[in-house]
Student: 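The structure's right below; bear with me while I get my questions together.
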Protein chains: 2
Amino acid sequence: METAWDDQLRTAGLRVTRPRLSVLGVLAEHPHVDADTIATAARAVHPSISPQAVYGVLKALTGAGLARRIEPAGGPALYELRVGDNHHHLVCRGCGTVADVDCVVGQAPCLTPSDAAGFAVDEAEVVFWGLCADCQVRRSQHGYGSNTAIGEGVGA
Amino acid sequence: METAWDDQLRTAGLRVTRPRLSVLGVLAEHPHVDADTIATAARAVHPSISPQAVYGVLKALTGAGLARRIEPAGGPALYELRVGDNHHHLVCRGCGTVADVDCVVGQAPCLTPSDAAGFAVDEAEVVFWGLCADCQVRRSQHGYGSNTAIGEGVGA
DNA sequence: CGTCTTCTTTTGACTGAGTCAAATCAACGG
DNA sequence: CCGTTGATTTGACTCAGTCAAAAGAAGACG
Ligand SMILES: [Mn+2]
Ligand SMILES: [Mn+2]
Ligand SMILES: [Zn+2]
Ligand SMILES: [Zn+2]
């Protein structure tokens, strides 16, 4: 199951190295992690890996289309292996947790602007901001009202 | 026309100061600018303004709901005075130019995820990525094909 | 108008996230 | 097993933004 990384790397024209396999292993277990968390986790299997190596690996992986980088406002970049399906994200304002949202259209750009102003649009990036289940509970316990604002069902 | 800033600031419980008026003036003329550009432009009318003052002003303005902050991936935060209408943005991958996109729904959240995973969603942030008209021309002149990929008309 | 309180700005140090380049190291084709 | 070339390490550096103490100014009140 994990030797598949080897093929994916080689097919992408990349050499198979221990830093790359470690990072891929971390990404497989934890979707939506930042570079620092990846470095810490990767060190468990490859203790001598340097922070810069992690950046280098992530750049190689994203460049080759094996990983995806997202940058939710207010935090460091996050990486994931789920690529090529144009999915979107839910981000919790309370704790930063990120969850995947399937795109109902499937292919980019899944939305088209009402007026594209001359732009050739190739991607519609959608981030849903709100509170995760845990943070809703935590907030209501501390006296705040739970704001359950839901709009119509358009899908995304 | 510009004395309206005074009232807006006071109504928001903020004092009327020269740094704040300068920043508001810059934002009124240039939508979607970063803090550094604001500082440079504001210095034309208030030469002694410090970079930190700009950050402080911007935090006060956004906190009071007089300005909005957006953070397109790969660049510094941008600020604008157009607030409260839940509009979206087009960002050029070539030159970073940002254009507004009216939201056809008007109120947040204008989209609802297909599966909210227990989140209470209060906002759907949409960023359309592509190439602006100028960059399309520039690219085709240099031999690259113009990729005109347009999806269905959902509006945003 | 003058004074006093409180909010703002300034000054300057500092952090976090990421980049860049030179030197060392290791994958893998032959 | 060697040599080439790509990858990692090391270390310095940038950029965007934060934090806190000290100085300054807005504006409430007398
Ligand atoms: Mn995802
Ligand atoms: Mn805008
Ligand atoms: Zn949460
Ligand atoms: Zn452009």
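Every heavy atom of this structure was used, including side-chain atoms; hydrogens, water molecules and symmetry mates were not. Residue numbers begin at 1 in each chain, while the letters A, B, ... track the order of the sequences. Predicted model, so just to flag it, every value in this text is computed and none were measured.
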Student: Taking only the side-chain heavy atoms of B/Ser48 (C-beta and beyond), determine which of C/dT10, D/dG17, D/dT8 contains the nearest atom.
Tutor: C/dT10
Student: Start at the 5' end of DNA chain D and walk down; is the nucleotide closest to B/Leu14 or to A/Gly56 reached first?
Tutor: A/Gly56
Student: When you measure from the side chain of B/Arg20 to the backbone N and O of B/Leu9, does any donor-acceptor pair fall under 3.5 Å?
Tutor: no
Student: Select one nucleotide: of C/dT11, D/dT9, D/dG17, the one nearest the side-chain heavy atoms of B/Gln52.
Tutor: C/dT11
Student: What's the CZ-C1' distance between A/Arg20 and C/dC25, to the nearest Å?
Tutor: 14 Å
Student: More 5' along DNA chain D: B/Arg69 or A/His46, using each one's nearest nucleotide?
Tutor: A/His46
Student: Hey, what do you get for CZ (B/Phe128) to CG (A/Leu111), rounding to the nearest 0.5 Å?
Tutor: 5.0 Å
Student: Please give me the minimum heavy-atom distance between A/Ser22 and A/His46, naming the atom from each residue.
Tutor: OG-CB, 3.5 Å
Student: Calculate, to the nearest 0.5 Å, the distance between atoms CG and CZ belonging to B/Leu81 and B/Arg68 respectively.
Tutor: 12.0 Å
Student: Side-chain N or O of A/Thr17 versus OP1/OP2 of C/dA26: is the shortest distance under 4.0 Å?
Tutor: no
Student: Rounded to whole Å, how long is the line connecting atom CD1 of B/Ile49 with atom P of D/dA25?
Tutor: 14 Å
Student: B/Arg10 near the nucleic acid: base, sugar-phosphate alone, or nothing, with a heavy-atom cut-off under 4.0 Å?
Tutor: sugar-phosphate
Student: How many Å lie between CG on B/Leu21 and P on D/dA25, as a whole number?
Tutor: 15 Å
Student: Touch check for B/Ala60, heavy atoms < 4.0 angstrom, all strands: base, sugar-phosphate only, or nothing?
Tutor: nothing
Student: Please report the distance, rounded to the nearest Å, between CG in A/Asp34 and C1' in C/dT15.
Tutor: 16 Å
Student: Counting heavy atoms from C-beta on, name the nucleotide in C/dT9, C/dA17, D/dG27 closest to the side chain of B/Val16.
Tutor: D/dG27
Student: Nearest to the side chain of A/Tyr55, which nucleotide is it out of D/dA16, C/dA17, D/dT9?
Tutor: C/dA17
Student: Just call it for B/Arg18: base, sugar-phosphate, or nothing, with non-hydrogen atoms closer than 4.0 Å on any strand.
Tutor: nothing
Student: Without decimals, in angstroms, what is the distance between A/Leu58 CG and D/dA7 C1'?
Tutor: 14 Å
Student: Could a donor-acceptor pair under 3.5 angstrom be found where the side chain of A/Arg15 meets the base of C/dC28?
Tutor: no
Student: Tell me which nucleotide among D/dT8, C/dA17, D/dG17 gets nearest to the side chain of A/Ala53.
Tutor: D/dT8
Student: Ignoring hydrogens and geometry beyond distance, is a side-chain donor-acceptor pair present between B/His87 and B/Asp102 at under 3.5 Å?
Tutor: no
Student: Could you give the NZ-to-C1' distance, from A/Lys59 to C/dT19, as a whole number of Å?
Tutor: 7 Å
